[in-house]
Amino acid sequence: MASPIPCQRELFDIPADLAWLNCAYMSPMLRAALDHPGVRRKAHPWQVRPLDFFTESEEVRGLFAELVHAGANDVAIVPSASYGIETAARNLPAEPGQRILVLEEQFPSNVYPWRALAARSGAHIDTVPRPADDDWTGAVLATIGPDVAVAALPQNHWTDGGLLDLERIGAALREVGAALVVDATQSLGALPLDVRRVRPDFLAAAAYKWLLGPYSTGFLYVDPKHHDGEPLEHNWINRAASEDFSALVNYRDDYQPGARRFDMGERANFALMPQTAVALRQLLDWGVENIHATLTARNEAIAARARALGVATVSAERRAGHYLGLRFEGGIPAGLGDRLAARNVHVSFRGAAMRVTPHLYNNDTDIERFFDALQASL
Ligand SMILES: Cc1ncc(COP(=O)(O)O)c(C=O)c1O
């Protein structure tokens with residue numbers, strides 16, 4: 001049973017009179033991460049030991065693995081979602097005439113790599129149109145057939161939180177021999193995901209939103225059947241025996257085990273890795289189920305009040321609980337974002353939706369500030 005988590009604002013550096021309702025854009029970092037001595041590590045390079053290039057990355061890899069219920073061996077450290085998805089696109093086959101499924105208005109980092117694969121292979125992009133009833137799962141299931149090579153999908157739509165049941169979709173894709181690639185950037189850390197049940201071929205996530213990490217960090221889960229794939233870059237640390245710095249001149253064709261071959265160059269970032277570890281440990285401590293339950297209750301309350309103002313959302317059953325997109329009849333009023341920002345209320349606008357995405361640092365005062373500003377701005 002998930003239990004609600006009390007407000008955690010004191011762990012962040014957010015002014016009392018500012019409502020940051022915009023985790024979907026970027027989370028603030030934890031004070032504990034910003035205060036980590038690793039941030040100043042390179043002031044004293046004589047304290048950086050060769051072993052440190054490995055131990056911190058392995059710790060972070062293990063923490064991410066725990067979050068998605070994978071083994072550390074199945075996780076690569078990457079700088080961005082796009083890097084992870086490009087790695088997937090370079091390692092999945094597509095034949096002329098086959099289809100690659102994406103959603104209408106999907107985030108571009110999970111579209112461009114597939115366009116490039118389509119151009120290379122003769123496959124084509126099949127864009128699943130936004131369903132009028134917000135049932136993305138039904139819409140994707142209805143289009144899966146034997147000519148699908150890959151479905152590249154999120155766990156929820158980045159504009160308005162529209163939810164996809166990736167377990168059902170994954171099972172249907174496996175039946176036709178198609179691959180599943182997941183961009184979990186807008187869900188992981190706030191919406192439970194178990195790779196043992198979803199069974200994606202690849203799953204990428206940037207860490208600077210719901211994983212509370214620094215910018216330029218991310219992860220790629222790689223199913224073991226792709227562990228012999230081709231990395232995007234050929235860097236020294238991914239090769240076997242790279243722990244022995246003096247022997248690096250003995251070039252090797254073999255790699256570090258598992259998904260480590262897909263790690264980005266300079267993944268042993270002495271500032272970012274410890275900060276990422278602090279964030280992942282905090283998420284695991286809170287528990288993703290508990291985070292999800294807390295944010296779901298918060299968003300349901302916001303959605304109910306918004307409805308009373310005539311503003312719609314995707315219904316609770318078809319929306320990820322942690323993610324809210326508000327829809328205005330007749331479209332988003334011009335200048336609304338600026339009027340809210342002038343009152344220290346920060347949200348974002350993507351497609352036809354105004355994203356209101358609180359996290360555990362938000363309190364009731366933020367929500368009152370939001371509704372006061374919204375009512376004054378409509
Ligand atoms: C769904 C989704 N994926 C990925 C990203 C970030 O992509 P990248 O890490 O390639 O910059 C975002 C950022 O808004 C996003 O909304």
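Predicted, not measured: the structure shown is a model, and the values here were computed from it. Start at 1 and go down the list; that is how both ligands and their atoms are numbered.
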- Measuring from D263:CG to L232:CG, what's the distance to the nearest 0.5 Å?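 CG of L232 is found 11.5 Å from CG of D263.
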
Checklist line | Side-chain heavy atoms of I291 within contact of H359, under 4.5 Å | finding: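 In short, these two side chains touch, coming nearer than 4.5 Å.
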
Using only heavy-atom distances, determine whether the side chains of E233 and Y83 contain a donor-acceptor pair under 3.5 Å.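 Looking only at side-chain atoms, Y83 and E233 do form a donor-acceptor pair, the distance falling under 3.5 Å.
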
ask   = Using a 4.0 angstrom limit on heavy atoms, which residues are close to ligand 1?
value =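 Residues within 4.0 Å of ligand 1: S80, A81, S82, F107, S109, W158, D183, T185, Q186, A206, Y208, K209.
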
Start with the C-alpha distance between D201 and K225, add both sets of side-chain angles, then the distance that settles salt bridge (charged side-chain N to carboxylate O under 4.0 Å, His left out), and finish with yes or no.
CA-CA 8 Å; D201 289 76; K225 66 173 173 282; 3.4 Å; yes

### Task
Apply side chain to side chain donor-acceptor pair (under 3.5 Å) to R61 and N73, showing your working.
CA-CA 8 Å; R61 200 188 306 279; N73 209 42; over 6 Å; no

N/O donor-acceptor pairs under 3.5 Å from side chains in residues 107-119, not counting sequence neighbours:
| residue | atom | partner | partner atom | Å |
| --- | --- | --- | --- | --- |
| N110 | OD1 | W114 | NE1 | 2.8 |

